[in-house]
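Please read these numbers as outputs of a predicted model, since none were measured by experiment. In what follows, residues are counted from 1 in the order of the sequence shown.
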Amino acid sequence: MADDIDKQLKLQEQITAIEETAKRFMTRDAITRYGTLKQAHPELAVNVIAMIANAVQSGQINDKIDDNTFKELLKKINESKKETRIRRV
């Protein structure tokens, strides 16, 4: 049980470090949207913030990410999911 708690704490520390890196390149509105997303969909929020942090570290992002750019990133992630098709018989 102690190992599980240690793993969770390490994971939380890693997420916090990633958030700090990414938030330096986000506008206040984008950070607010991220906070809302984190409350509603924590896994998706972690995926988006990790993507931003990776782009920052690789030098792909030089300017701040605004709310509209953040929305576009969310759309790209959602598009990559499988589309559900309903067929009428």
Side-chain angles (χ1 to χ4, degrees):
M1 179 133 185
D3 288 337
D4 290 340
I5 293 172
D6 288 341
K7 287 180 183 177
Q8 287 179 349
L9 287 174
K10 286 180 183 177
L11 180 62
Q12 187 58 43
E13 288 173 2
Q14 290 173 344
I15 291 171
T16 302
I18 290 170
E19 286 177 340
E20 289 174 4
T21 300
K23 284 181 179 180
R24 284 186 274 151
F25 288 86
M26 295 168 66
T27 63
R28 200 173 267 180
D29 290 337
I31 293 171
T32 302
R33 183 170 300 279
Y34 169 72
T36 304
L37 179 67
K38 188 175 175 182
Q39 293 294 319
H41 304 284
E43 290 178 10
L44 179 60
V46 170
N47 287 339
V48 172
I49 207 79
M51 184 180 2
I52 292 170
N54 285 336
V56 167
Q57 290 175 346
S58 67
Q60 294 175 348
I61 296 177
N62 297 323
D63 297 328
K64 290 206 174 229
I65 294 174
D66 63 359
D67 191 42
N68 290 329
T69 307
F70 192 80
K71 286 181 198 178
E72 291 298 320
L73 288 172
L74 288 173
K75 285 180 185 177
K76 286 180 183 179
I77 289 175
N78 283 333
E79 286 175 1
S80 66
K81 291 183 179 181
K82 281 187 172 178
E83 291 184 22
T84 305
R85 294 184 186 190
I86 300 174
R87 298 170 79 192
R88 294 185 183 190
V89 180

Could you measure the distance from the [atom1] atom of [X] to the [atom2] atom of [Y]? Nearest 0.5 Å is fine.
X	Y	atom1	atom2	value
Lys38	Glu19	NZ	CD	3.5 Å
Phe25	Ile52	CZ	CD1	11.5 Å
Ile18	Lys23	CD1	NZ	12.5 Å
Leu37	Asn47	CG	CG	9.5 Å
His41	Thr36	NE2	OG1	10.5 Å
Asp29	Ile65	CG	CD1	13.5 Å

Practice prompt. Step by step, work out the side-chain contact (heavy atoms from CB on, under 4.5 Å) result for Ile49 and Met26.
Written response: CA-CA 10 Å; Ile49 207 79; Met26 295 168 66; 3.8 Å; yes

Indicate every side-chain donor-acceptor pair of residues 4-15 with a distance under 3.5 Å to a residue at least two apart or in another chain.
none

Practice prompt. State, to 0.1 Å, how close Ala22 and Ala53 come at their nearest heavy-atom pair, and which atoms those are.
Written response: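 So the two residues come closest at CB-N, 4.1 Å.
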
Discussion item. Apply side-chain contact (heavy atoms from CB on, under 4.5 Å) to residues Asn68 and Lys71 and explain how you reach the verdict.
Written reply: CA-CA 5 Å; Asn68 290 329; Lys71 286 181 198 178; 4.0 Å; yes

Worksheet item: With sequence neighbours left out, what residues match Thr69 under side-chain hydrogen bond (donor to acceptor under 3.5 Å, both in side chains)?
Response: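 For Thr69, the residues satisfying side-chain hydrogen bond (donor to acceptor under 3.5 Å, both in side chains) (neighbours in sequence not counted) are Asp66.
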
Discussion item. Starting from Val46, can I reach Leu44 by hopping between I/L/V/M/F/W/Y residues whose side chains sit under 4.5 Å apart?
Written reply: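 Cluster IDs for Leu44 and Val46 differ.
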
Practice prompt. Determine, stepwise, if the pair Val48 / Tyr34 fulfils side-chain contact (heavy atoms from CB on, under 4.5 Å).
Written response: CA-CA 9 Å; Val48 172; Tyr34 169 72; 5.6 Å; no

Could you pull out every donor-acceptor pair under 3.5 Å between side chains of residues 55-64 and any protein atom, sequence neighbours left out?
| from | atom 1 | to | atom 2 | distance (Å) |
| --- | --- | --- | --- | --- |
| Ser58 | OG | Asn54 | O | 3.1 |
| Ser58 | OG | Ala55 | O | 3.2 |
| Lys64 | NZ | Arg24 | O | 3.4 |

